[in-house]
Every structure is written in structure tokens, then in C-alpha cells.
Amino acid sequence: MAHNSSSRRRPNILITGTPGTGKTTTSSALAEATQLRHINIGELVKEKKLHDGWDDTLDCYIINEDLVCDELEDMMEAGGNIVDHHGCDFFPERWFDRVVVLQTDNTVLYDRLSRRGYTGQKLTNNIECEIFQILLEEAKDSYPEDIVVALRSDSVEDISKNVEMMSNWIGSWNPVV
């Protein structure tokens with residue numbers, strides 16, 4: 001469990017994984033099922049301008065991690081959040097009670113990313129990230145092993161099962177005393 005979870009009445013969950021693995025779909029469904037707050041980091045960065053400009057090569061904002069953490073600090077301390085982001089190593093360890101890494105078959109992921117318009121370096125980088133399980137390793141390196149879980153996310157059925165399993169976990173969660 002997270003080090004500071006005793007002050008929270010509801011857990012904080014990080015849902016991470018390569019783009020296209022279903023983070024936002026899963027996070028939205030879980031938030032609806034549990035009444036936790038869904039925080040999409042990509043949207044937050046755009047909305048609050050928590051970035052240092054645009055990366056033309058990767059076609060995305062350059063996230064200012066310090067600004068993101070400052071923006072989230074009070075919400076995270078209060079608890080009851082589902083944070084949705086493809087990276088996880090810059091968030092403070094104390095924020096999360098569960099870290100979920102969504103994983104998708106490479107063929108399924110390739111199709112999803114292609115439909116989103118990913119091409120060239122951006123497509124290649126994301127597929128390689130999934131092949132080499134970069135985000136799972138990042139999560140294991142950044143958080144206690146007992147709070148990190150990898151879940152399959154190849155289909156709507158997988159997402160439904162994942163939401164049900166995480167909802168059950170949230171329902172049985174107790175803060176560390």
C-alpha cells in the first residue's frame with residue numbers, strides 16, 4: 001500500500017500502459033463504476049498548459065512533470081483518483097495504492113494506433129515499447145512490487161473483466177492504519 005494512504009478514505013489508482021492499450025476507456029468505465037475521479041494527464045496538460053511546448057517529431061506536448069505534480073498534489077492527498085497516463089516514473093510513490101499496467105497484443109495495438117493516425121517514428125516507438133514491456137518494467141522499478149499488476153487489454157471483454165476486478169479491489173480497499 002502507499003505510504004500515506006492512512007489519510008485517504010478512498011484509494012488512488014494509476015492506470016498506465018503504452019498508448020492504445022485502453023487506459024482512457026478503462027479509466028472512464030472504472031470511474032463510472034466506482035465514483036472515483038478520472039484524471040487524464042494528457043487532457044490535464046493541454047487544458048492547464050502544463051507543458052514546455054510541442055515535440056514535432058513525436059507529435060505531442062513535452063510534459064512539464066513538476067507542473068503536473070504540483071497541479072495534482074492536493075487531489076492525490078485527498079484520495080479517490082484514477083490517474084490515466086502512459087508514463088509512471090515521475091509521480092511520487094506515496095500517491096498510489098495500486099498501479100495497473102495495461103498490456104495489449106502487438107497486432108491489436110498496431111491496428112489501434114494506425115487507426116489513430118500514428119505513423120513512422122511515433123508508431124514504431126510505441127510498438128517497441130509494448131514488445132519490450134517498457135512500461136511494466138518502469139512501474140516495477142518505481143513502485144512497490146505488491147501494488148503493481150499487469151492486465152491484458154485486447155478486447156472489450158478484457159476491459160469489462162478488468163473494470164470488474166478493479167471495482168472489487170476498490171470495494172475491499174482499506175487504508176493503511
Side-chain angles (χ1 to χ4, degrees), residues 1-3 5 8-45 72 75-76 78-118 122-123 125-176:
M1 294 273 168
H3 296 134
S5 62
R8 296 194 291 264
R9 297 204 183 275
R10 307 231 38 212
N12 287 327
I13 300 169
L14 173 62
I15 299 183
T16 188
T18 305
T21 56
K23 294 177 301 298
T24 300
T25 301
T26 301
S27 297
S28 295
L30 184 60
E32 188 174 320
T34 62
Q35 302 307 303
L36 296 183
R37 178 190 303 123
H38 174 202
I39 303 169
N40 180 315
I41 297 299
E43 293 300 317
L44 183 73
V45 165
L72 293 177
M75 283 187 281
M76 297 306 292
N81 301 292
I82 301 164
V83 176
D84 159 5
H85 189 54
H86 60 265
C88 67
D89 61 346
F90 71 89
F91 297 116
E93 180 184 322
R94 71 182 185 280
W95 280 2
F96 298 107
D97 304 291
R98 177 68 95 204
V99 176
V100 176
V101 182
L102 296 180
Q103 297 182 305
T104 301
D105 175 85
N106 298 325
T107 304
V108 173
L109 185 63
Y110 183 92
D111 291 344
R112 287 179 185 173
L113 294 177
S114 294
R115 282 193 303 270
R116 286 186 181 183
Y118 283 40
K122 188 171 186 176
L123 179 60
N125 285 354
N126 283 296
I127 296 297
E128 288 177 354
C129 186
E130 188 68 7
I131 289 169
F132 295 113
Q133 299 188 4
I134 301 299
L135 294 211
L136 179 58
E137 290 307 314
E138 184 179 287
K140 288 179 176 179
D141 289 345
S142 301
Y143 300 96
E145 190 175 321
D146 64 326
I147 73 165
V148 176
V149 61
L151 298 177
R152 211 74 210 143
S153 185
D154 293 333
S155 65
V156 172
E157 292 79 16
D158 288 341
I159 292 170
S160 294
K161 284 190 291 188
N162 293 341
V163 168
E164 181 180 354
M165 185 186 67
M166 287 186 280
S167 295
N168 290 337
W169 180 86
I170 291 165
S172 66
W173 180 82
N174 291 309
V176 174

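Worth knowing before you read on, the calculation uses all heavy atoms, side chains too, and leaves out hydrogens, waters and symmetry mates.
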Give a yes or no on whether the backbone of [Y] and the side-chain of [X] come within a donor-acceptor separation of less than 3.5 Å.
{"X": "Glu138", "Y": "Gly87", "result": "no"}
{"X": "Asp105", "Y": "Thr107", "result": "yes"}
{"X": "Asp97", "Y": "Ile147", "result": "no"}
{"X": "Thr16", "Y": "Val101", "result": "no"}
{"X": "Thr104", "Y": "Asp154", "result": "no"}
{"X": "Lys23", "Y": "Thr18", "result": "yes"}
{"X": "Asp89", "Y": "Ser142", "result": "no"}
{"X": "Ser153", "Y": "Thr21", "result": "yes"}
{"X": "Gln35", "Y": "Glu32", "result": "yes"}
{"X": "Tyr118", "Y": "Gly20", "result": "no"}

Point-to-point distance, once rounded to the nearest 0.5 Å, from [atom1] of [X] to [atom2] of [Y]:
{"X": "Lys161", "Y": "Ser155", "atom1": "NZ", "atom2": "OG", "value": "6.5 Å"}
{"X": "Leu123", "Y": "Glu128", "atom1": "CG", "atom2": "CD", "value": "10.0 Å"}
{"X": "Ile159", "Y": "Thr25", "atom1": "CD1", "atom2": "OG1", "value": "5.0 Å"}
{"X": "Asn12", "Y": "Trp173", "atom1": "CG", "atom2": "CH2", "value": "8.0 Å"}
{"X": "Ile41", "Y": "Leu14", "atom1": "CD1", "atom2": "CG", "value": "8.5 Å"}
{"X": "Met76", "Y": "Ile39", "atom1": "CE", "atom2": "CD1", "value": "6.0 Å"}

Check your understanding: Going through the checks in order, is the side chain to side chain contact (heavy atoms under 4.5 Å, CB included) test met by Val100 and Ile13?
Key -> CA-CA 7 Å; Val100 176; Ile13 300 169; 4.2 Å; yes
Is any side-chain heavy atom of [Y] closer than 4.5 Å to one of [X]?
{"X": "Lys140", "Y": "Glu145", "answer": "no"}
{"X": "Leu135", "Y": "Cys129", "answer": "yes"}
{"X": "Ser28", "Y": "His38", "answer": "yes"}
{"X": "Pro19", "Y": "Leu113", "answer": "yes"}
{"X": "Met166", "Y": "Ile15", "answer": "yes"}
{"X": "Leu136", "Y": "Val148", "answer": "yes"}
{"X": "Pro11", "Y": "Trp169", "answer": "yes"}

Review point. Side chains of Asp84 and Thr24: is there a donor and an acceptor less than 3.5 Å apart?
Key: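 Distance-only check passes for Asp84 and Thr24.
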Practice item. Tell me, with the steps shown, if Asn81 and Leu72 meet side chain to side chain contact (heavy atoms under 4.5 Å, CB included). Key: CA-CA 10 Å; Asn81 301 292; Leu72 293 177; over 6 Å; no
Review point. Where do Ala31 and Ile82 come nearest, in terms of heavy atoms and distance?
Key: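 Taking every non-hydrogen atom into account, N-CD1, 3.5 Å.
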Exercise for review: Identify the two heavy atoms, one from Val163 and one from Ala33, that lie closest to each other, and give their separation to 0.1 Å.
Suggested key: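 Closest approach of Val163 to Ala33, heavy atoms only: CG1-CB, 4.3 Å.
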Check your understanding: In this structure, are over 12 heavy atoms from other groups packed under 6.0 Å from Glu137 atom CD?
Key -> yes
Exercise for review: Determine, step by step, whether Thr26 and Leu151 satisfy the side chain to side chain contact (heavy atoms under 4.5 Å, CB included) criterion, reporting the C-alpha distance in whole Å, the side-chain angles of both residues, the deciding distance to 0.1 Å, and the verdict.
Suggested key: CA-CA 11 Å; Thr26 301; Leu151 298 177; over 6 Å; no
Check your understanding: Going through the checks in order, is the side chain to side chain contact (heavy atoms under 4.5 Å, CB included) test met by Val83 and Trp95?
Key -> CA-CA 10 Å; Val83 176; Trp95 280 2; 6.0 Å; no
